[in-house]
Amino acid sequence: MPYVDRQNRICGFLDIEENENSGKFLRRYFILDTREDSLVWYMDNPQNLPSGSPPVGVIKLTYISKVSDATKLRPKAEFCFVMNAGMRKYFLQANDQQDLVEWVNVLNKATKITVPKQSDPLCQMDNANRQAESPGGKKQVSYRTEIVGGVPIITPTQKEEISECSEGGDRNYLKRSQSHLPYFPAKHPPDNAIIKAGYCVKQGAVV
C-alpha cells in the first residue's frame, strides 16, 4: 500500500514494465514527490541502498496526462494499471485491488491540472481593469473575424468601419471564407456584446 514518509512523500513498492511491450515486470520502490514534481523509482527502498544510489527511472509529473486501470488492456497482468506520460504508456502492477485503486487515485490527484477560479487575485485585477475601461462597467468593442492561413483571427474594429460594411460585403466575405474552412466565421457582434475571457488548459505532450 502507498504510504506517506517523513518528508511527506507517497512511497511504496510496485512492479513496472521498464522495457515497453516486453511483458516483463520488475519490482521497484516508487516515491511520488509533489514538491519536486517527480515520480522516481529505485531498485529498493533508498534506506537499504548505498548512499547516493541513483534512481532507476524518473518522470516529471507534468508529463503524466492520465492514470487508469489497465486490467482489460493487460488481462494476463493482475492488478495492472497504465500511466500515460508523453508519447509512452507505462504499465505497472499493484499488490492487490485496493493498492491499485489507491495508486491510481494519488497519481491522478498529483498530476491534476487546476484552472484558477474567478476569486483569484489575478482574475480580480483583470476584471477590475476591464470595468475601468468603460464607465458602464462593460467594455463595448466590436470585432472582426478574418481567416489567415486557415486560422480565424479576431481583431477589434472601429464603429465607423462596421457601419460602412454592407450586407453584400458580408455575403462576399462568407463565400470567400467557405472555401477555406468547413464552418462559417462569426459575423460582427453588436456594439453591446460582452466578450468572454478566462483560462484554458492544454494537457498532454503532443502539440
Side-chain angles (χ1 to χ4, degrees), residues 1-127 151 196-207:
M1 297 295 172
Y3 68 93
V4 180
D5 66 3
R6 293 179 181 178
Q7 300 179 45
N8 203 32
R9 303 176 302 179
I10 297 173
C11 309
F13 281 97
L14 289 168
D15 296 339
I16 183 172
E17 184 187 48
E18 290 185 339
N19 296 322
E20 195 171 4
N21 298 322
S22 66
K24 184 179 181 181
F25 288 81
L26 301 172
R27 192 73 166 169
R28 297 289 182 254
Y29 185 83
F30 284 77
I31 298 176
L32 174 61
D33 192 341
T34 53
R35 287 180 300 181
E36 294 294 329
D37 187 40
S38 63
L39 177 67
V40 187
W41 60 96
Y42 293 84
M43 294 287 289
D44 194 1
N45 189 325
Q47 296 179 357
N48 302 329
L49 297 173
S51 179
S53 296
V56 177
V58 181
I59 298 178
K60 283 289 184 182
L61 297 182
T62 49
Y63 292 161
I64 302 174
S65 58
K66 185 180 179 183
V67 184
S68 56
D69 191 318
T71 50
K72 292 183 180 179
L73 296 175
R74 293 292 181 88
K76 294 183 180 180
E78 198 174 12
F79 311 122
C80 183
F81 63 95
V82 61
M83 184 169 60
N84 294 280
M87 300 296 290
R88 182 182 166 180
K89 292 183 178 181
Y90 290 85
F91 287 90
L92 302 103
Q93 276 186 292
N95 298 320
D96 52 42
Q97 185 61 34
Q98 185 180 351
D99 192 34
L100 183 154
V101 171
E102 290 186 11
W103 272 109
V104 169
N105 287 340
V106 296
L107 286 168
N108 277 324
K109 184 178 178 181
T111 57
K112 184 179 180 182
I113 297 177
T114 55
V115 178
K117 296 180 180 179
Q118 288 297 323
S119 58
D120 288 354
L122 183 61
C123 294
Q124 290 177 349
M125 289 176 59
D126 185 49
N127 290 336
V151 179
K196 181 80 174 173
Y199 286 90
C200 182
V201 174
K202 159 73 172 68
Q203 191 168 11
V206 181
V207 178

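Because the structure is predicted, anything quoted here is derived from the model rather than measured. Start at 1 with the first residue, then count along the sequence.
Taking 4.5 Å as the limit, some side-chain heavy atom of Val82 sits within range of a side-chain heavy atom of Ser68. In this structure, Ile16 and Trp41 have side chains that are in contact, with non-hydrogen atoms separated by less than 4.5 Å. Contact of the Pro2 side chain with the Leu32 side chain is not registered, since no non-hydrogen atoms from C-beta on lie closer than 4.5 Å. Looking at heavy atoms from C-beta onward, Met83 lies in side-chain contact with Leu92 at the 4.5 angstrom threshold. At a threshold of 4.5 Å between non-hydrogen side-chain atoms, the residues Tyr90 and Ile64 do not count as touching.
Here the CZ atom belonging to Phe81 is positioned 5.0 Å from the CG atom belonging to Leu14, to the nearest 0.5 angstrom. Rounding to the nearest 0.5 angstrom, the gap separating the CZ atom in Arg28 from the CD atom in Gln93 is 13.5 Å. Atoms CD1 and OG, on Ile59 and Ser38 in that order, are 10.0 Å from each other to the nearest 0.5 Å. In this structure, OH in Tyr63 is found 14.5 Å from OG1 in Thr111, a value given to the nearest 0.5 Å. For the atom pair Phe30 CZ and Leu39 CG, the distance stands at 6.0 Å (nearest 0.5 Å). Within the model, atoms CZ of Arg27 and CG of Asp15 stand 5.0 Å from one another, a figure rounded to the nearest 0.5 Å.
Qualifying side-chain hydrogen bond (donor to acceptor under 3.5 Å, both in side chains) partners for Gln98, counting only residues two or more places apart in sequence or in other chains: Glu102. Applying the side-chain hydrogen bond (donor to acceptor under 3.5 Å, both in side chains) criterion to Thr71, with sequence neighbours excluded, gives Asp69. Taking the salt bridge (Lys or Arg N to Asp or Glu O under 4.0 Å) definition, one finds that Asp37 meets it with nothing, sequence neighbours left out. Partners of Glu78 under the salt bridge (Lys or Arg N to Asp or Glu O under 4.0 Å) rule, at least two apart in sequence or in another chain, do not exist in this structure.
Between the Asn108 side chain and the Val67 main chain, a donor and an acceptor come within less than 3.5 Å of each other. With hydrogens and angles disregarded, a donor-acceptor distance shorter than 3.5 Å links the side chain of Glu17 to the backbone of Gly23.
Between Thr34 and Leu61, the closest heavy-atom pair is CA-CD1, 4.1 Å. The heavy-atom pair separating Phe79 from Leu100 by the smallest distance is C-CD1, 3.2 Å.
In the displayed structure, Lys109 atom NZ is contacted under 6.0 Å by at most 12 heavy atoms of other residues, nucleotides or ligands. Within a 6.0 Å radius of CD in Glu20, more than 12 heavy atoms belonging to other residues, nucleotides or ligands are found.
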Identify each donor-acceptor pair in which a side-chain atom of residues 4-11 lies under 3.5 Å from a protein atom, sequence neighbours left out, and give them as a table.
residue	atom	partner	partner atom	Å
Asp5	OD1	Gln7	N	3.1
Asp5	OD1	Asn8	N	3.1
Asp5	OD1	Arg9	N	2.7
Asp5	OD2	Arg9	NE	2.9
Asp5	OD2	Arg9	NH2	3.0

With a 3.5 Å cut-off and sequence neighbours excluded, list the donor-acceptor pairs that the side chains of residues 48-56 form with protein atoms.
residue	atom	partner	partner atom	Å
Ser53	OG	Pro50	O	2.6

